[in-house]
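For the numbers below, each heavy atom of this structure counts, side chains included, while hydrogens, waters and symmetry mates do not. Atoms within each ligand, like the ligands themselves, are counted from 1 in listed order.
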Amino acid sequence: MIDFHCHLDLYPQPAAVAARAKKDGHYVLSVTTTPRAWRGTLKLAAGATRIQTALGLHPQVAHERHSELALFEVLLPEARYVGEIGLDGSPESRPHQDVQRRCFDRILAACVQAGGRVMTLHSRGAADEVLDALCRHPGAGTPVLHWFSGTRKQLDRAVAMDCWFSVGPAMVRGRKGSELLAAMPRNRVLTETDGPFVQVGNSPLMPGEVSDAVAACARSWSKPHLQAETVLAQNLRSLAALANGSPPGSLDAMSDR
Ligand code: MN
């Protein structure tokens, strides 16, 4: 299964969870919320050909972690994927809007300098602001809007800007998420869990537990489940090729340099 946005390092037992994801053969983009978490999170993926680690600075911790921006810039040459980054427009983030925006701009500028990265982006309550920032930094790379929850109009703008999307089980449970999924170009859709922040019952969604999202894609595209999986696998190949700067190859291109 393809889980293009998962916080492996934030599960209660990260090593065990990562080992299980490796054993099960899931393709995981393991995102980080602070540059200081990068090295430790990278170790979780040691020996895994299908787990990639993204370098991030989550907007909701930007006000506490902005001093790690210099470390972000130092580490960026080692990272082919960036995230979780972006902006958060929820009421509790309002006091930190300026610092969030400064961090995001500096990260995007660093990505431009580095030649572009595949980036997994948080845009809750701030879709237009995130797209505006991407416009200010052409060449930052390929944006993947994770758990997009903006309006249809904002989605159309993102599509026109060549954004990709990762959709999870929680997003497609509601009508709005399903309608947004239907409007996304199907060659730019991936699945995600956003675990451990998404719960099923009392336990967090585990890496790769995306079958409800695959089922939603299948419904939306009027395809059998297996064919939807094939489309998603092809999408991952294309995106991994963008990250690797090479033509689309095998799925393990997600790991091969
Ligand atoms: Mn997340």
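- A salt bridge between Asp212 and Arg173 is absent, with no side-chain N of the basic residue lying under 4.0 Å from a carboxylate O of the acidic one.
- The N, O or S atom of Asp194 lying closest to the Mn ion (ligand 1) is OD1.
- Looking only at N/O/S atoms, Glu84 comes nearest to the Mn ion (ligand 1) through OE1.
- The distance from the Mn ion (ligand 1) to the nearest N/O/S atom of His5 is under 2.8 Å.
- Side-chain atoms of Gln60 and His96 include no donor-acceptor pair closer than 3.5 Å.
- Between Asp156 and Arg152 there is a salt bridge, with a side-chain nitrogen of the basic residue lying less than 4.0 Å from a carboxylate oxygen of the acidic one.
- With hydrogens and angles ignored, the 3.5 Å screen pairs a side-chain donor or acceptor of Lys176 with a backbone N or O of Gly150.
- Counting backbone and side-chain atoms alike, His7 contributes an N/O/S atom closer than 2.8 Å to the Mn ion (ligand 1).
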